[in-house]
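Both counts, for ligands and for their atoms, begin at 1 and track the order of listing. Both backbone and side-chain heavy atoms feed into the values below; hydrogens, waters and symmetry mates do not. For reference, positions follow the sequence shown, starting with 1.
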Amino acid sequence: MKKLKIGMVGYKFMGKAHSHAYKDLPLFFPKTVHPEMKVICGRDLQSVAYAAKQFGWEEYMTDWKKLLDRNDIDLIDINAPSDVHKEITIAAALAGKHVFCEKPLALTLKDSREMLEVVEAAGVKHMVGFNYRFAPAVMLAKKLIDEGRLGDIYHFRAWFLQDWIVDPSFPLVWRLQKDIAGSGSHGDLGAHLIDLAHYLVGDITEVIGMSETFIKERPLPFEMTGLSARGSDSGEKGEVTVDDATLFMARFAKGALGSFEATRFATGHRCKNSFEINGSKGSVIFDFERMNELQVYFANDEEDVQGFRRVLATDPSHAFAQHWWPPGHTIGYEHTFIHEVVELMESFREDRQPVPNFHDGVKCQQVLEAVDLSIEKRQWIQISEV
Ligand SMILES: NC(=O)c1ccc[n+]([C@@H]2O[C@H](COP(=O)([O-])OP(=O)(O)OC[C@H]3O[C@@H](n4cnc5c(N)ncnc54)[C@H](O)[C@@H]3O)[C@@H](O)[C@H]2O)c1
């Protein structure tokens with residue numbers, strides 16, 4: 001297959017990030033399968049027509065079901081809120097289309113399991129959008145762990161801190177409504193941390209959590225895109241039905257202990273997706289706000305120079321780096337999506353499933369749901385129980 005013909009649903013925050021990735025990929029990754037940006041789909045005709053022109057799609061549509069009838073579409077890329085992931089995925093797979101779906105996979109574990117069953121039965125490729133795996137500094141952490149250079153892993157300590165809804169007058173966007181988003185900071189930010197934990201340290205066996213909704217009511221929204229919104233002038237308010245912050249502790253199958261904190265109320269922190277991993281031979285620290293860097297500590301350094309060193313993951317030895325700029329010429333958020341899409345394209349070139357795929361999406365959802373259950377029951381929950 002020389003080109004993969006894409007049909008995309010959703011044209012705002014993630015729609016733009018994925019479109020940009022498809023557009024830039026051929027310039028920097030000439031040897032992989034290339035995407036063909038065929039059709040972008042959204043509900044509002046004027047807005048989707050504008051997005052098609054701005055992002056570089058050949059055509060636009062307002063009904064994603066019609067997208068599935070077309071023979072010239074190979075893959076459906078889902079960038080709509082979580083409440084529609086399941087319906088679109090299942091219909092796409094039954095129509096024989098490959099599926100690339102944003103995270104979290106679904107509103108519930110049951111739904112995500114059903115999605116996995118259907119894509120597997122249909123024999124299509126499936127990918128879930130955990131883009132932070134594709135930061136070269138995160139991939140360096142993975143390499144150090146896999147090569148045993150950090151020794152036995154004792155601690156995974158992670159926090160994803162944002163502050164975009166600290167203001168109580170910020171409107172009730174879809175991310176604050178359980179029936180559309182599934183959960184709040186937990187499924188939005190915590191899902192990324194859980195996926196990174198699975199990727200770096202392995203399976204989680206048990207969890208116990210706590211959560212809070214600090215602001216219970218908010219003005220109804222008038223307009224929203226991604227993390228920004230404008231409230232309506234009516235003065236009407238609605239109930240916030242998701243968590244503003246969720247924290248949990250975890251035990252890993254290989255013996256490590258984990259702590260996770262996801263919040264949209266960490267005043268002053270915009271997108272601090274961070275983890276620290278401590279092993280018997282060394283440690284690493286990653287902070288997405290300085291995403292090109294990995295702090296690395298090796299316990300066998302000479303005593304008088306022991307300390308964390310700052311490794312800039314932009315040398316040709318680092319993942320993806322040889323495709324970009326000379327060492328030290330850093331990359332950004334959008335590059336995580338380009339790398340993610342490279343993995344998707346490579347899966348077609350090599351005829352295998354991309355990673356992370358729906359198995360990873362389901363595994364993440366299992367931990368999300370186990371934490372919710374532990375909060376409800378105020379007790380530890382075994383992951384195998386959910
Ligand atoms: N990987 C990441 O880091 C990351 C970041 C942000 C969002 N996301 C995920 O991406 C998805 C989309 O989030 P976003 O931030 O792009 O949202 P957004 O609000 O910016 O855009 C959502 C898009 O979906 C469309 N849409 C909404 N309901 C629809 C429906 N019923 N049918 C068809 N289209 C519909 C909207 O018109 C809009 O174009 C969510 O699942 C979210 O969790 C992932």
Looking at ligand 1, would His192 count as a contact under a 4.0 Å heavy-atom criterion?
yes
Please report which non-hydrogen protein atom sits nearest to atom 33 (C) of ligand 1, along with the residue it belongs to and the distance in Å to one decimal place.
Val9 CG1, 3.8 Å
For ligand 1, which atoms, with element, lie under 4.0 Å from some heavy atom of Gly129?
1 (N)
For ligand 1, which atoms, with element, lie under 4.0 Å from some heavy atom of Tyr333?
3 (O)
Give a yes/no on ligand 1: does Trp174 have at least one heavy atom closer than 4.0 angstrom to it?
yes
Examine Tyr132 against ligand 1 and note whether any of their N/O atoms are separated by less than 3.5 Å.
no
Number the atoms of ligand 1 from 1 as they appear, then name those within less than 4.0 Å of a heavy atom of Val84, with their elements.
31 (N)
Distance filter under 4.0 Å to Ser82 heavy atoms, resulting ligand 1 atoms:
41 (O)
At what distance is the nearest protein heavy atom to atom 26 (N) of ligand 1, and which residue and atom is it?
Arg43 NH2, 3.5 Å
Only one of Asp243, Asp167, Asp188 passes salt bridge (charged side-chain N to carboxylate O under 4.0 Å, His left out) with Arg264; say which it is.
Asp188
Can a non-hydrogen atom of Asp188 be found less than 4.0 Å from any atom of ligand 1?
no
Ligand 1 atoms nearer than 4.0 angstrom to some heavy atom of Pro104 are 43 (O)
Could you tell me whether Phe260 and Phe156 have their ring centroids closer than 6.0 angstrom?
yes
Phe320 ring center near His335 ring center (under 6.0 Å)
no
Are the charged groups of Glu276 and Arg157 less than 4.0 angstrom apart, N to O?
yes
Mark yes when over 12 heavy atoms from residues, nucleotides or ligands other than Lys125 sit less than 6.0 Å from its NZ; otherwise mark no.
yes
Give the single entry among Ile88, Asn79, Ile78, Ile180 that approaches atom 22 (C) of ligand 1 most closely by any heavy atom.
Asn79
Quick one: does Tyr11 get an N or O within less than 3.5 Å of an N or O on ligand 1?
yes
Looking at Glu236, I want to see if its CD is surrounded by more than 12 non-hydrogen atoms of other residues, nucleotides or ligands under 6.0 Å.
no
List the closest protein heavy-atom neighbour of atom 20 (O) of ligand 1: residue, atom name, distance to the nearest 0.1 Å.
Gly226 N, 2.8 Å
Can you list the atoms of ligand 1 that are under 4.0 Å from a heavy atom of Pro81?
22 (C), 24 (O), 26 (N), 27 (C), 28 (N)
Please find out if less than 6.0 Å separates the ring center of His339 from that of Phe134.
no
If you measure from each heavy atom of Gly42 to ligand 1, is any distance below 4.0 Å?
no
Nearest non-hydrogen contact to atom 7 (C) of ligand 1 from the set Arg175, Lys12, Lys103 belongs to Arg175
Going by the closest heavy atom to atom 40 (C) of ligand 1, which one wins out of Ser47, Ala80, Ala51?
Ala80
For the residue pair Thr314 and Trp324, confirm or rule out a side-chain donor-acceptor distance under 3.5 Å.
no
Cut-off 3.5 Å, side chains only: do His269 and Glu289 have a donor facing an acceptor?
no
Tell me the protein heavy atom at minimum distance from atom 16 (O) of ligand 1, and give that distance in Å.
Met14 N, 2.8 Å
Would you confirm whether the ring centroid of Tyr132 sits within less than 6.0 angstrom of the ring centroid of Phe288?
yes
Give a yes or no on whether Lys66 atom NZ has more than 12 heavy-atom contacts from other residues, nucleotides or ligands under 6.0 Å away.
no
In ligand 1, which numbered atoms sit nearer than 4.0 Å to a non-hydrogen atom of His85?
41 (O)
Using a 3.5 Å cut-off on N or O atoms only, is Glu102 in polar contact with ligand 1?
yes
With a 6.0 Å cut-off on ring centres, are Phe337 and Tyr333 close enough?
yes
Quick one, His323 with Phe28, criterion ring pair (Phe, Tyr, Trp, His ring centres under 6.0 Å). Give me CA distance, side-chain angles, the key distance, then yes/no.
CA-CA 6 Å; His323 293 273; Phe28 292 93; 8.9 Å; no
Atoms of ligand 1 under 4.0 Å from any heavy atom of Gly10, numbered from 1 in the order shown, are 23 (C), 24 (O), 39 (O)
